[in-house]
Structures are given as C-alpha cells and as structure tokens.
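Computed over heavy atoms, backbone and side chain alike; hydrogens, waters and symmetry mates excluded. Start at 1 with the first residue, then count along the sequence.
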Amino acid sequence: MLIVGAAPVAVPGSAAAAFPGAAQAPSVSWGPCTQDIVGGVPAEQRGKYSCATYRVPVDHDNAALGTLDLALMRRAANKPDQRIGSLFLNPGGPGGPGRTLPLAADEFLEPTVLDRFDVIGFDPRGVGASTPMRCFTTAEDADELFSRAVPAPRSLRQITDTLAAYRDYGSFCERNGGALLRHMSTADVARDLDRLRAAVGDDRLSYVGFSYGTLLGATYANLFPDRARALVLDGNVDPALRTGDGLRYDRERADGFQHALDEYLEACERARDRCAFSEGNPARKFRQLLERLRERPVNLPDGTVVNFSSFVGGVGGALYSPAAFTGLAEDLQQLYEVAYPPEKPKLKAVTGRDLGTLLEPAVDPRHDVRPDSAYRADDAYFAVNCADKPFRNGQDSVPELAGQWEGESPVFGRYQAFADPAGCPAWPSGTGAYRGPWNAETEHPVLVIGNYHDPATQYAFAERMADQLGHARLLPVDAFGHCILGSSSGVDKAVADYLVNLTVPEPGVVYEPDEQPFAADPA
C-alpha cells in the first residue's frame, strides 16, 4: 500500500485565545445508534450508547469553503450523578476510524474511568463515517494504481512502477480531493476536537490518544493549553522531528522496527522450547530467510507466494502485538523449513493458511492503522501525512536512500524508504500544519507512555515527547508491542487515577506488562 506525505505551511504557535469561536460551538444532538453500529451489544446495554454527526468548517479560518460532518459515538458514564465530563479517544493511524472505540472502552479503561466519564469516539475529518477524503471516484481506479506499487521494490522495473504509481496517485488526489485535501493537517483535527469539547459542554479536554493520536494530543496541548484538563499519550511520536524533518523521522522509524525485531529474536532464543523458532540461532536463521527472499520468493503448494515485501510487512505487523509473537515464531519456522528443507521433511505441506500470523497479522482496533493495510475507500492517511511531514528530497533520490537505510536497518529500511519519502514529492501540498513550539505549559502534566520495545514508535520518541512538552510526566514500560493501555495493570491504574483525580504518577517507576512474550505457563 502506498504511503504519502508532503510539506505544508506552518501555523504559528498560539494559546486558546487565538480561536475564540470554539467556545460558542453549538451543542451535539445525540440520538440512538443504528443497528449496524450497536448490533453486537447486548440489548440491555444499548441504552448506554448514542450517536451523532457534528458539523465543522472545512477551514476554520475561512467559512466560505463550506463544512464537513464528523461522526461521533458516546458511551454514557456508568454513574451519571458522579460524572466528571467527557473523555475523547483517538486510535491513531493517521486515518484510524475512532467512532466505535467506546464499544471497546472496557478493554483499556479502568471501571473507575467508565463510571465517571462519558467516553466519546469520533472519526476525524476525512475518515470513515465522517466526510471522507477520497482521491478516487471508483475502486477500480484505486485497485489498478495500487497493483503497480510494491512496498519494498528491488528490481529496476518494480522501482520505476512504484514511483510512477505515486505520481499518478498525486494526480488523482489533485483532481478529486476538493477543498478538504488542503485541510487535513493535525492542526485542523485539533481545532475540530476543540469544537467537539465545547459542543459536549466541557470547559477543558480530557483525552486519550494512541500512536499518531499522541501528535494530535500534543498539538492540542500547544494550541489550547488553557483548555487541556488531562491528556494521556500512549505510543508516542517525536512531534518536533515528525513535523520538522519527515525523512529523518522515517529513517528512525525503521530503526525502531529493527530494534524491536532484534529484541524479539533474542527473547525467542531465551524462551527455548516455548518459541517454535528458537532451535539453532533465531537471528541467524532469520537473516538466512531474509537473504533467500531478497533473491527470490518462496512458492507454497497452494499457490501462495511469500516475497520480500509481504514477508517484511507481515513481520512488522506482527511486532505490533505481543499476542502474535508465538504465532509469528511458528510461521517463521514453517517458512524456514520450506526455504531450507530439513533432512527429514514433514509430511504435511505448508500452505498460505498455515502462515496466518505472518501473512495476515491482526489489527488491534484500539490503536493505530498500519500503513500497509488494505485500501479503505478514503485517503486520510496520506492526506494527513502530506500535510504534517515535510520531505525535502525528490523521488529520484529514493533508490539511493533505500540502499542506505537498508544497510542500517536490513529488514525495514527499504520498506520505510519507499513509503512517505517516495510519495511526498508527488503529493499535492496541504496547508496549516502546526510545527511548534511544543513547550506550552498545561495546568496538569501530560502523561506520556512509552514501551521499551515499541516497533512503530520507539521509546526514544516518548522520551523526546516528554522533554519537548511544557509539562509532562514520562511512564516507561518494559514491554514489547505498540502501545500498552489495557495490557499493563500498573499503567491502567495510574492512568485511571490521573484521569479521575488528576493524581500524577510518581517519577522513576518502570512499569511492567501483565504478560511477557513466551512466558512459562504458570505451575
């Protein structure tokens, strides 16, 4: 799947007073959710949920460009007589639909939070059930274009076709994107969020953001520091780097994935018989498998083809969730035995269905949308990154960059280089990105949570986020996977106490996940 970015014009840093209109926003008119949204909810619990659409300007500074609709869902507080306010959620992406996140709120929020807050999810502008950002008028056009792109191209033909597909993608968006195309920056979404905060009757914002949602939270904290109550950022980006130098940011993202993979293979080796890929040397075996796939794909008897791109994408996707680690090890071992058959081969032939973790890694609906996910009929991921991440390279530099990055991050370097850095030069520029400063002081510290072995947002990014914000508290977690809320009781309790009571966790604590990868079964 193509990933695109570009460099818009910066908006100066400002306090809440710069946007006086948000405080007078009309109220949200809540109503019943449709059956397709709450059909899986037990009948006796459906009364907790309500839905709405809310209209905001395409351009908050120019009403003449018209309006767009945002799709919302609310889960009512369990104890309305003790209600503090609303808690807004964002799942990341960018481009992740967040409207139905309240349906899963009990998976990552403590009961005390659900008792005291209305939990609100929304599809950001350009996403899902909100007014969508679409570059294609037909799915056929999208399918044809993306069929020409290879996530990690190696041959001259693959490289040429992929770069040309990016150029065509930009042309489609220029023709069909409309006014919304130029107003998809995170700053635009932050201003939408401030409208929503006022529209539900809250004087100040309570918020939980995952992955890219941490940039949205940081942007809000700096545009509207006086309107921030309690902000929780889980799986953090480096805001200054992401909005200042997209090329370096993506290069460091490749390093983060590489670090997470290296740690995973070491954990597998330590686990011995609890990890199917542990026999021999897992790191060496993985390198052998990678080199084989660089040379030629592995063809399975059922017609499934595992090539370099699908392999790298699948491994990267599985690293998002420690729950996938055991299955990934099994798939790696099976694929290794196909590529390097043992002296006594197994009787059962390996098929694509046997490699489900590798070839179809599950997406956690709580946070993030992987950039290699299937085309979803809107182009918000590309439009947001186009607006926020500046790239100053041309397409002609990408093959050389890919070689350099591959030398530093052998598995993920090429994959990252042929993502945003390849698409950015061909993308129509957005406007209005916020590029700092990031040090506005909120009344209460922003909670910044980072896993030591997070592949998509490495721990160093969380450290930088905490350093850059004007008032923050860093919560380090000795854990694998992308984001942690819902998977660490210690973090969950600390976050709940902060959201409900505004109690800031003590510094110097390193939190632990509830389960470590390849852990021994309890006696």
Would you check if L205 and L231 make a side-chain contact, meaning some heavy-atom pair closer than 4.5 Å? yes
Can you give me the closest heavy-atom contact between V448 and A462, atom names plus distance? CG1-O, 3.5 Å
How about E252 and F461: do any of their side-chain heavy atoms sit closer than 4.5 Å? yes
Donor-acceptor pair, distance only, cut-off 3.5 Å: does the side chain of R248 make one with the backbone of L241? no
If you look at every heavy atom in R125 and H183, which pair is closest and at what distance? NH1-O, 2.7 Å
Tell me if a side-chain donor or acceptor on S130 pairs with a main-chain N or O of D123 at a distance below 3.5 Å. yes
Between Y264 and F286, is the ring centre distance below 6.0 Å? no
Do Y220 and Y434 have their ring centres less than 6.0 Å from each other? no
Measure from the side-chain N and O atoms of D388 to the backbone N and O of T186, and report whether any donor-acceptor pair falls under 3.5 Å. yes
To the nearest 0.5 Å, how far apart are CG in D379 and CZ in F136? 6.0 Å
For H259 and H453, take the angle between the two ring planes, folded into 0 to 90°, and tell me which bin it lands in: parallel under 30, tilted 30 to 60, perpendicular over 60. tilted
What do the steps show when you test R191 against D188 for salt bridge (charged side-chain N to carboxylate O under 4.0 Å, His left out), and what is the final call? CA-CA 5 Å; R191 295 175 75 175; D188 289 307; 5.5 Å; no
Expected output: side-chain S278 to main-chain R272 donor-acceptor under 3.5 Å: yes
Minimal non-hydrogen separation, N451 against A479, with atom names: CB-O, 3.5 Å
Under a 3.5 Å cutoff, is there a donor and acceptor pairing between the side chains of Q468 and D238? yes
Distance from D234 atom CG to C483 atom SG, nearest 0.5 Å? 4.5 Å
When you compare the side chains of T457 and N236, does any donor N or O come within less than 3.5 Å of an acceptor on the partner? no
Please round to the nearest 0.5 Å and tell me the distance separating atom CD1 of I484 and atom CG of D492. 8.0 Å
Y207 (side chain) donor-acceptor with N90 (main chain) under 3.5 angstrom: no
Please examine the side chains of Y212 and V384, heavy atoms only from C-beta on, and report whether any two atoms are closer than 4.5 Å. yes
Between F308 and L290, does the side chain to side chain contact (heavy atoms under 4.5 Å, CB included) criterion hold? Intermediate values first, please. CA-CA 7 Å; F308 181 83; L290 193 71; 3.6 Å; yes
Please check: side-chain N/O of R414 versus main-chain N/O of A152, any donor-acceptor pairing under 3.5 Å? no
Using 4.0 Å as the upper bound for N to carboxylate O, is an ion pair formed by R353 and D302? no
Just verifying a value: how many Å separate R435 CZ and T219 OG1, rounded to the nearest 0.5 Å? 10.5 Å
Between the CG atom in L475 and the CD1 atom in I449, the distance rounded to the nearest 0.5 Å is 5.5 Å
Would you give the length of the straight line joining atom OG1 of T214 to atom CG of L233, rounded to the nearest 0.5 angstrom? 6.0 Å
Heavy-atom count around E266 CD within 6.0 Å, excluding the residue itself: above 12? yes
Establish, from distance only, whether the side-chain atoms of H471 and H444 form a donor-acceptor pair under 3.5 Å. no
Centroid-centroid under 6.0 Å between F325 and F277 rings: no
Charged N-O contact under 4.0 Å between D467 and R464: no
Residue set satisfying side-chain contact (heavy atoms from CB on, under 4.5 Å) with A105, at least two apart, ordered chain then number -> R75, L109, L114, V119
Nearest heavy-atom contact between P124 and G98 is CD-N, 4.5 Å
Begin from the C-alpha positions of E330 and T326 and carry the test side chain to side chain contact (heavy atoms under 4.5 Å, CB included) through to its verdict. CA-CA 6 Å; E330 293 168 354; T326 297; 3.8 Å; yes
Between R74 and S50, does any side-chain donor sit less than 3.5 Å from a side-chain acceptor? yes
Side-chain heavy-atom pair V315, F257 within 4.5 angstrom cut-off: no
Measure across D331 and D354 and return the closest heavy-atom pair with its distance rounded to 0.1 Å. OD1-O, 3.1 Å
Does a side-chain N-to-carboxylate-O contact under 4.0 Å join D202 and R229? no
Which atoms form the tightest heavy-atom contact between N439 and N222, and what is the distance? N-OD1, 3.2 Å
Which class fits the ring pair F108 and F210: parallel under 30°, tilted 30 to 60°, perpendicular over 60°? perpendicular
Sort out for me which residue in Y511, Y452, Y459 forms a side chain to side chain contact (heavy atoms under 4.5 Å, CB included) with D478. Y452
Would the distance check show the side chain of T243 and the main-chain N or O of P239 forming a donor-acceptor pair, the cut-off being under 3.5 Å? yes
Sequence neighbours excluded and cut-off under 3.5 Å, please list the side-chain donor-acceptor pairs for residues 31-41, or say none.
unit_1, atom_1, unit_2, atom_2, d
T34, OG1, D36, OD1, 2.3

